[in-house]
Protein chains: 2
Amino acid sequence: MDGETSTETRILGAADALFYEHGVQSVGMDRIRDAAGVSLKKIYQCFPSKGALVEAYLRRRDQWARTALEERVARHTDPEERVLAVFDWLHDWVDGPDFHGCAFINAFGELGADSAGVAHAVRDHKAAVRGYLRDLAHETGAADPDRLGSQLAVLLDGAMSNASITDSPAPARDARQAARTLLREAVAPGARD
Amino acid sequence: MDGETSTETRILGAADALFYEHGVQSVGMDRIRDAAGVSLKKIYQCFPSKGALVEAYLRRRDQWARTALEERVARHTDPEERVLAVFDWLHDWVDGPDFHGCAFINAFGELGADSAGVAHAVRDHKAAVRGYLRDLAHETGAADPDRLGSQLAVLLDGAMSNASITDSPAPARDARQAARTLLREAVAPGARD
DNA sequence: GACGTGCGAGAACGAGCGTTCTCGCCGACG
DNA sequence: CGTCGGCGAGAACGCTCGTTCTCGCACGTC
């Protein structure tokens, strides 16, 4: 038996790294085979096509991102700190060496117009994150948690894009500060600092 | 004489529409030839390679977006209204039928890691927009116009991505409202509404 | 009218892709 | 020990792509 990590996990891990760094269409199956160290036949018996592998890649990213986010938020109990923890998590992530923007925005721009499966996976992920942010906003007692949740989602996506393009974590810091301002204004309009 | 529009403009127009809607790598030169109604030979004597056409596409988009943005802002004289006009322009744009997110974020996700030319064009565009937003922020008398400009850039990019993925102009409205809150807080901290 | 010349349509070429097939090997089982 | 079945390496196949070439046609000049 294959001791440590299952074959499927190895394939997905290699595909994830390559798709995320170079984009989906720039990466061929041969490159995934080389990176995963498995045969092409094994890839095709785990995933019937490249499209299926791409959708599995997106599902895996979705699970990873939301789990990591929730774990970071769970370190805090104060509602405002829980919202800000989202941007602290973002800051740590974008500052690492293997950050290349939002995999979902990238995949959507590349394939969303022509692949219903990709478009669906991206919309599901973004809706789930927005729902989570709305819940965090609700905890704070904000006047309009729906709107605040959407605004936090906008900040999150914009900060990811900007951090990737400028290759700097500064947008995450700016987004965090913006989130704090929006949050305080939504909870106690016009309050003193 | 070629009557109306020059050949180069026709090619660029067709390439722009196709690249922007479907992504760069999904669109072949044949499709651009069909859409532009010119011969493949003419395309290659205007642009020496597909890469050159892609960079011309990005330069054209940069010019179009910044010009349209500045014209919309120029309708107003009040500094706060000038900042908000950015998001009004965004709202009108994303609400139209031919909006497909930010062409620069999409191109960067698709090609930025492997094409220095694309990465450079994208960084230049984003830096120019951020600089423009910083200038608008400066006009308002904000305490830290650099930071406010960056925050507006984050809102702009995030709203574009979210509007594209959710296929709705709501993120533009949310971003506009967030911009107003950030702006007022940056100009007069803790002021009453 | 003869001739060169630039042009468009489409074939051609070489490379790369996703996917499948071939073949030689090795371990399981009677 | 003989046979069979699954496996990996890599070739093969059909397709698409970026780029170049061919060929036939229309047109300006003597």
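Per chain, numbering begins at 1; letters A, B, ... match sequence-line order. Keep in mind that the numbers below use all heavy atoms, side chains included, and drop hydrogens, waters and symmetry copies.
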Report the distance from atom [atom1] of [X] to atom [atom2] of [N], rounded to the nearest whole Å.
{"X": "A:Phe19", "N": "C:dC17", "atom1": "CZ", "atom2": "P", "value": "12 Å"}
{"X": "A:Lys50", "N": "D:dT16", "atom1": "NZ", "atom2": "C1'", "value": "13 Å"}
{"X": "A:Met29", "N": "D:dA9", "atom1": "CE", "atom2": "C1'", "value": "16 Å"}
{"X": "A:Asp30", "N": "D:dA9", "atom1": "CG", "atom2": "P", "value": "13 Å"}
{"X": "B:Arg10", "N": "C:dG8", "atom1": "CZ", "atom2": "P", "value": "11 Å"}
{"X": "A:His22", "N": "C:dC17", "atom1": "NE2", "atom2": "P", "value": "12 Å"}
{"X": "A:Leu18", "N": "C:dC17", "atom1": "CG", "atom2": "C1'", "value": "15 Å"}
{"X": "A:Arg33", "N": "C:dC17", "atom1": "CZ", "atom2": "C1'", "value": "13 Å"}

Point-to-point distance, once rounded to the nearest 0.5 Å, from NE2 of B:His125 to CG of B:Leu58 = 9.5 Å
request  = Report the secondary structure of DNA chain D in dot-bracket form, marking unpaired bases with a dot and bases paired to a different strand with |, and treating Watson-Crick or G-U pairs with both distances under 3.5 Å as paired.
outcome  = ||||||||||||||||||||||||||||||
With the threshold set at 4.0 Å, does a side-chain nitrogen-carboxylate oxygen contact exist between [X] and [Y]?
{"X": "B:Asp78", "Y": "B:Arg82", "result": "no"}
{"X": "A:Glu185", "Y": "B:Arg184", "result": "no"}
{"X": "B:Asp174", "Y": "A:Arg147", "result": "no"}

Can any side-chain N or O of [X] pair as donor or acceptor with the backbone N or O of [Y] at less than 3.5 Å?
{"X": "B:Ser161", "Y": "B:Gly158", "answer": "no"}
{"X": "B:Glu139", "Y": "B:Pro79", "answer": "no"}
{"X": "A:Lys126", "Y": "A:Ile105", "answer": "no"}

ask   = What parts of residues 38-46 of chain A reach DNA chain C, counting only heavy atoms under 4.0 Å away?
value = A:Leu40, A:Lys41, A:Tyr44
Pairing residues for B:Arg72 by the salt bridge (charged side-chain N to carboxylate O under 4.0 Å, His left out) criterion, not counting sequence neighbours =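 Checked B:Arg72 against salt bridge (charged side-chain N to carboxylate O under 4.0 Å, His left out); matches are B:Asp92.
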note = Judged by nearest nucleotide, the residue sitting upstream toward the 5' end of DNA chain C, A:Ser26 or A:Pro48, is A:Ser26
task = Examine B:Arg61 relative to B:Tyr20 and say whether NZ or CZ is less than 6.0 Å from the centre of the six-membered ring and inside a 45° cone about the ring axis.
result = yes
